[in-house]
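First comes the structure, then the notes that go with it.
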Number of protein chains: 2
Amino acid sequence: MTRPLTSAERALATLRDLIMGGDLAPGARLGEVELAERLGVSRTPVREALSRLASEGLVELVPNRGARVATWTVAELEGVFDLRSVLEPQLTAHAVPNARPADVDALDDLARRMLAVGTPGPDQDLDALVPLNRAFHDRLVALAAHPTLAAALAAAIHPPIVRRNFLTYDEESLRRSLAHHAEIVAALRAGDPEWARAVMTSHIANARAVMVRAARLQATDPATRTEETA
Amino acid sequence: MTRPLTSAERALATLRDLIMGGDLAPGARLGEVELAERLGVSRTPVREALSRLASEGLVELVPNRGARVATWTVAELEGVFDLRSVLEPQLTAHAVPNARPADVDALDDLARRMLAVGTPGPDQDLDALVPLNRAFHDRLVALAAHPTLAAALAAAIHPPIVRRNFLTYDEESLRRSLAHHAEIVAALRAGDPEWARAVMTSHIANARAVMVRAARLQATDPATRTEETA
DNA sequence: TCCTCGGGGATTGCATGCAAGGTAGGGGTG
DNA sequence: CACCCCTACCTTGCATGCAATCCCCGAGGA
């Protein structure tokens, strides 16, 4: 019973996916007519979508000069992690009293599967980690049942930062990250919100260190820079 | 050298002010043609403004059914305060090392003026408190120099919740609130971020109690309900 | 009396057209 | 030779028109 989406909504969703999925690199120009043709609609819904993406921070919109995919500096990246490091531990703590055994089992399953595909060896498949990780965090956020905090977090994660992040993890940080997931499950099972909060805080700090290091490398290595003046 | 704003930007700003200022009550219908005439532009920029306000959470937008000013429940109000109670203390702590004597003096001045117009007596002027309070908090947020956290906070405060809140403070809570401002100044002067953080946490908790009580009263008292089905 | 089923009016959703503003490239000048 | 300006093209910003959808309200039947 899902009501039919409007063209503007489809354009919004498609553009968001294109940006978050990395098909449109940061700094890439977003011409209205080009997008309209690509999406098979007129410029009007495209403009509406761009406008909303701009207020979400995914694109930068300059009057009379059009839209570009938003770029981010290392400082902004650190800012996002500052925000995550206050929001996600809080959400995790909220989730604890709401976690029913079935929920914990589902999270446990996700954590185990991440461990399976994330551990170095013949079965390692880092690409498979991304959706699993997303599912884990989404489920945790849903358990918190706190729409306002969740919305603030969703607004923060926007930048295509977390996109394919596991490729940038070094082996030790990755092992830590996987262990955190398992430990969060343990904290949930124990019903200890402070434990869960602490592990999530560590989890974000670990991710922060990895991402900031990767971003610094990318910023100084011209070979990997995405074009910004296309 | 401020470049001329587009019609859509003006519509956006005007609508935002109208909503935040309470001229458009929560639940009020926002017809495109009506707004377009009121603002002297065509429907297109109005649509764009409504679209952006929707993604900011200020209006609710239902396909084919138009826009209404967003309404909020007591639960959502509490959610907003949950968010503020993690963000504002953090921002306040960030502000401490950046506070130069001149900044502290300016905040001190604001706190004193709030005390002057907020203390019961012949000089009490609760309406004057609102802009002073805003200036105080804005200045503090600016000092934190943390755009990401600030943006998340700004997105949260949206609901016209904080609008004319001082009218709902009881005498004791108001006195507490004014004292908090002064104490934050003291913490800044002492250069103690944890002190500042703790006071701000109390400040938000106090405000939360006042606002939730007021909202509960309003929700049960039909006389003060704003029309929602206009 | 209550529920169901249209019909008219109004409103939104989208496409298109036009004008204002911006960008790039070439010629002229110091 | 470098710099500036000017022109032509392109893009965006906005207005308007038309079709699709929804809401309201009244008539008919159970």
Side-chain angles (χ1 to χ4, degrees), chain A residues 1-16 18-19 24-71 227-230, chain B residues 1-16 18-19 24-71 227-230:
Chain A
M1 187 56 201
T2 164
R3 69 178 157 60
L5 277 68
T6 66
S7 294
E9 282 174 317
R10 262 181 295 127
L12 180 65
T14 306
L15 279 176
R16 213 190 329 244
L18 284 175
I19 296 175
L24 290 169
R29 207 172 170 304
L30 299 170
E32 295 181 359
V33 288
E34 179 202 336
L35 293 174
E37 288 172 5
R38 189 164 173 176
L39 301 177
V41 295
S42 87
R43 284 172 46 216
T44 309
V46 171
R47 282 181 63 79
E48 193 167 324
L50 287 176
S51 194
R52 295 190 69 149
L53 289 172
S55 71
E56 291 177 19
L58 266 181
V59 312
E60 288 157 359
L61 204 47
V62 181
N64 292 322
R65 262 192 262 180
R68 314 183 83 90
V69 178
T71 58
E227 264 181 272
E228 289 179 359
T229 55
Chain B
M1 191 59 206
T2 166
R3 66 175 161 62
L5 277 69
T6 66
S7 295
E9 284 173 316
R10 261 180 296 129
L12 181 63
T14 307
L15 278 176
R16 217 197 316 255
L18 284 174
I19 295 174
L24 290 169
R29 208 174 169 305
L30 299 170
E32 294 181 1
V33 288
E34 179 201 336
L35 292 174
E37 289 172 4
R38 188 163 173 176
L39 301 178
V41 294
S42 87
R43 282 171 48 218
T44 308
V46 171
R47 281 181 65 79
E48 194 168 323
L50 288 175
S51 191
R52 296 190 67 150
L53 289 172
S55 70
E56 291 176 18
L58 266 181
V59 312
E60 289 157 359
L61 202 48
V62 182
N64 292 322
R65 263 190 261 178
R68 318 184 78 92
V69 179
T71 57
E227 266 182 90
E228 287 177 2
T229 55

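It should be emphasised that the depicted structure is a prediction, and the values quoted were computed from it without experimental measurement. Scope of the values below: all heavy atoms of this structure, side chains included, with no hydrogens, waters or symmetry mates. Here is how names work: the chains are called A, B, and so on, in the same order as the sequence lines, proteins then strands, and each is numbered from 1.
- Between the CG atom of B/L39 and the P atom of D/dA15 there is a distance of 11 Å, given to the nearest Å.
- The existence of a salt bridge linking A/R29 and A/E34 is excluded, since no basic side-chain nitrogen approaches an acidic carboxylate oxygen closer than 4.0 Å.
- For the pair B/L5 CG and C/dG21 P, the computed distance is 14 Å after rounding to whole Å.
- Contact check, B/R29 against C/dT12: a side-chain N or O comes under 4.0 Å of OP1 or OP2.
- Nearest-nucleotide positions on DNA chain D place A/V33 closer to the 5' end than the other of A/V33 and B/S42.
- The separation between A/E9 atom CD and C/dC14 atom C1' is 14 Å, rounded to whole Å.
- Going from atom CD of B/E48 over to atom P of C/dC14 covers 14 Å, rounded to whole Å.
- Separating the CZ atom of A/R68 from the P atom of D/dT12 is a distance of 11 Å, rounded to the nearest angstrom.
- Residues B/S51 and A/S51 form no side-chain contact, since every pair of their non-hydrogen atoms from C-beta on lies 4.5 Å or further apart.
- Put simply, A/R47 has a side-chain N or O that comes within less than 4.0 Å of OP1 or OP2 on D/dG13.
- Side chains of B/R47 and B/T44: a donor-acceptor N/O pair is absent below 3.5 angstrom, by distance only.
- Between B/R52 atom CZ and D/dG13 atom P the separation is 11 Å, expressed in whole Å.
- Across all strands, B/S7 comes closer than 4.0 Å only to sugar-phosphate atoms, never to a base (heavy-atom distances).
- Of all nucleotides listed (D/dA15, C/dT12, C/dG17), C/dG17 comes nearest to the side chain of A/R43.
- The CD-C1' distance, from A/E32 to D/dC14, rounds to 11 Å in whole Å.
- Side-chain N or O atoms of B/R68 include one that pairs as donor or acceptor with a backbone N or O of B/G27 at under 3.5 Å.
- In this structure, A/L12 atom CG and C/dC14 atom C1' are separated by 16 Å, rounded to whole Å.
- A/L30 comes within 4.0 angstrom of the backbone, heavy atoms only, and of no base.
- At the phosphate of C/dT23, OP1 or OP2 sits under 4.0 Å from a side-chain N or O atom of A/R65.
- When the nucleotides C/dT11, D/dT12, D/dC14 are ranked by their closest atom to the side chain of A/N64, D/dT12 comes out on top.
- Residues B/L58 and B/R16 meet the side-chain proximity criterion, which asks for heavy atoms closer than 4.5 Å.
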